Structure formats: structure tokens, C-alpha cells
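Heads up, the thing below is written out as C-alpha cells.
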2 protein chains.
Amino acid sequence: MPTMTAAQKRAEAKVEYDAFLAGCPSRQLLDRVSDKWVALILAALGSNGPHRTGVVSAGEPRAMRYSELSRRLAGVSQKMLTQTLRSLERDGLVTRTVTPTVPVTVTYELTDLGLSLQDVMRGIKAWAEQHMNEVLAHRSDYDTRVD
Amino acid sequence: MPTMTAAQKRAEAKVEYDAFLAGCPSRQLLDRVSDKWVALILAALGSNGPHRTGVVSAGEPRAMRYSELSRRLAGVSQKMLTQTLRSLERDGLVTRTVTPTVPVTVTYELTDLGLSLQDVMRGIKAWAEQHMNEVLAHRSDYDTRVD
DNA sequence: CAGGATCCCGCTAGATACTG
DNA sequence: CAGTATCTAGCGGGATCCTG
């Protein structure tokens, strides 16, 4: 009996790998940005959301209240909205400002860091708009071939 | 009793929203790219993986066997590796080539589409390397303030 | 108004065992 | 070698109720 079984070796490799992934900046960013609501919230705070009829200078950051965000991002639960906003604040991507009116007023706004992140989002959006239909074509093609 | 309760309205809004998200190219790309193993597989096939000691021209795509990928991406289960490779093939991002030797040989290689996607990945990587420590600083700062 | 606290459910990653 | 099949536990996320 060896001192370490194959299963143990794999388990050890996995631990090392998880540690590597946890420390990898790109992985962290990917996890952050791919969160279901992050992209939408950033877009909304960047005034790039849908339902905008007036003329809006693109990229012009905008402060929004909790309830306004909630309305624009129809479909998000309060839990996820709050949770996501908290984590974004924690990461320094948005600011949370409490005005002690009655009832209390809370506004959220993009920081410079959050704003710079939008450039990355734009890159993603650009690739998606250019190539996603091609991907979709491959996909349906693959599916019909397999039946 | 109204014809539609508030809960029903919210449920309907959610359905609409889910449909919107499902059809949104950026969302689809984000889901695809943020998959736990996709970025690693793309990086490996692009010869940008770790454990490379020799001189490698960056961006030079490279065909790799299943077992080689499995070794380089220590920590991935066969199930996830196979599943991820299949979905990448389905999307036209990698090619799967079966050579009927005995035992059978299967190689994977990036397509042009997959290669172009790496540009986006580079953008993500760049932002992460430039700003992630700042994010991390905000994060620990936030955590100590809250205690 | 802007959340906090709970309960709960579906999905999926991973471990294990088997195969052409 | 390169997978497939099956089972299960853990957890993200939504629904619901409650509060300063």
C-alpha cells in the first residue's frame, strides 16, 4: 500500500488548484462581473439601461435611488439587489450615500473604478454583438447534426 | 379583487425580464466565458497556460489531446472537462478531431472564433491586473470598518 | 423607503464506477 | 485513451414576512 493513493493525489492537486484560482485576479474579476445582476446594475448606473427615452450622454454616471434601481431592473428580488449593491460597494465600484430625510433616502453612484470597469464591459458587449450570432449558428448547426 | 395581484404583476415582469436576459448577447457571452473552466481551457489551448518553461510565441494556437488538457488543468474532473469541451465545440470555439488510432486519439484546437475571443479575455486580464489589488484593498478596508 | 431575517427549492459540480 | 452513467450534497437565488 503506497503512502498516498491516486485519489489522495488528485484531491491534493485540486486543493492546490483551488488556491491558485482563488488568488488569480482574472478569475476574481470574472466571478465578480459575471454575477447575474452586476452587469445590469453597472449599466443602469452608467445611464445605459433600457427604457431611456431622453437624450443621455453615454457614459455619464448617474446617482440613483434604491427604489429607482429596483424599478429599472424589473425582475430582481430585493434580496439580490441589496446583496449585489453591497458587494459592489465593498469592492469600491459604487458609493452608497445615506441622506437622513424621513423616510431615509439612499443613493448609489459609480466610482471612477466602477466607471473604468465599464470599458471592459464594452469590450464584452462589442464581441457579443459582432460574433454571438455566429456562435448561435454553430450551436443550432451542431444540434441538428446530432439530432 | 383586482384581476391581477401585485405578486402576479411582479411574476409577469420577471418572466419578461428573464426572456430579455436569455436573448441578450452580452449576457450569453458572459455566461459562457465566466464558466469555471472555459477561461482556463481557452488559455491552455492558446498556449498561455502555466507550467510552460520553453519559449512560446504568445497567441500561437495549439492542438492538445484530452489527456494533456486534463494534466495541465489539474483539478478539473473528467466530467467537467468533457462537458466544457463539448459546449465549446458546439459554439464553434474549438474543434474536436478524432484520429482512429488504437487506442483512439482526440485533439482539441482553437478556431478563429475562439482565438478572437481571447482578445476579450486579454482585456479582462488587463483590467484585473491593473485594478484588482485596488478592489481588494477596498474590500479589506470595508471589512475592517464593519468588524 | 430601504432593507434584514428565514425558509426552501432547483440546479449543478464533483465523486465514483463502468466502457468502447 | 477518452470518455459515459449515476448519485448526492451544497449552495445560489427567489419568495415571504418583518422592521428602523
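Throughout, a chain's letter reflects where its sequence line sits, starting with A, and its residues are numbered from 1. All values reported here derive from a predicted model rather than from experimental measurement.
- Atom OH in A:Y66 sits about 12 Å away from atom P in C:dC1, given to the nearest Å.
- Of all the residues in residues 81-106 of chain A, A:T82, A:R86, A:R96, A:P103, A:V104, A:V106 reach under 4.0 Å from DNA chain C with at least one non-hydrogen atom.
- OP1 or OP2 of C:dG14 lies within a sub-4.0 Å distance of a side-chain N or O belonging to B:W37.
- The CG atom of B:L69 sits 10 Å away from the P atom of D:dA2 (whole-angstrom rounding).
- In terms of the salt bridge (charged side-chain N to carboxylate O under 4.0 Å, His left out) criterion, B:R65 has no residue partners (sequence neighbours excluded).
- Axis angle, first five pairs versus last five pairs of the helix from C:dC1-D:dG20 to C:dG20-D:dC1: 50°, rounded to 10°.
- With sequence neighbours left out, A:Q28 forms a side chain to side chain contact (heavy atoms under 4.5 Å, CB included) with B:M132, B:L136.
- Side-chain N/O atoms of A:S67 include one lying less than 4.0 angstrom from OP1 or OP2 on C:dA2.
- Comparing A:D18 and A:T107 by the nucleotide of DNA chain C that holds the closest heavy atom to each, the one mapping nearer the 5' end is A:T107.
- Judged purely by atom type and a 3.5 angstrom limit, B:T107 has no side-chain atom pairing as donor or acceptor with the backbone of B:M64.
- Per the geometry, OH belonging to A:Y108 stands 15 Å off P belonging to C:dC1, to the nearest Å.
- Residues passing the side chain to side chain contact (heavy atoms under 4.5 Å, CB included) test with A:L21 are A:Y17, A:R27, B:K36, B:L40, sequence neighbours excluded.
- Atom CD of B:Q78 is separated from atom C1' of C:dC18 by 11 Å (rounded to the nearest Å).
- Residues passing the side chain to side chain contact (heavy atoms under 4.5 Å, CB included) test with A:Q83, sequence neighbours excluded: A:K79, A:M80.
- A distance of 11.0 Å separates CG of B:L29 from OG of A:S34, quoted to the nearest 0.5 Å.
- Applying the side chain to side chain donor-acceptor pair (under 3.5 Å) criterion to A:N133, with sequence neighbours excluded, gives no partner residue.
- Every salt bridge (charged side-chain N to carboxylate O under 4.0 Å, His left out) that B:R139 has, sequence neighbours left out, goes to A:D91.
- For the atom pair A:S87 OG and A:R32 CZ, the distance stands at 3.5 Å (nearest 0.5 Å).
- Residues passing the side chain to side chain contact (heavy atoms under 4.5 Å, CB included) test with A:Q130 are A:A126, sequence neighbours excluded.
- One interatomic measurement links the two molecules: CG of A:L73 to C1' of D:dG14, which rounds to 16 Å at whole-angstrom precision.
- Among the nucleotides C:dG3, C:dC1, C:dG14, the one closest to the side chain of B:K36 is C:dG14.
- Here the P atom of nucleotide D:dG13 and the CG atom of B:L21 are 13 Å apart, to the nearest Å.
- Look at A:R65 and you'll find a side-chain N or O under 4.0 angstrom from OP1 or OP2 of C:dA2.
- Qualifying ring-ring contact (aromatic ring centres under 6.0 Å, His included) partners for B:H138, counting only residues two or more places apart in sequence or in other chains: none.
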Find every protein N or O atom lying less than 3.5 Å from an N or O atom of nucleotides 6-11 of chain C, and list the pairs.
none

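- Atom CE in B:M80 sits about 10 Å away from atom P in C:dT12, given to the nearest Å.
- We find that CG of A:D31 is positioned 11 Å from P of D:dG13, with the value rounded to whole Å.
- Judged as a side chain to side chain donor-acceptor pair (under 3.5 Å), and not counting sequence neighbours, the contacts of A:T105 are A:T101.
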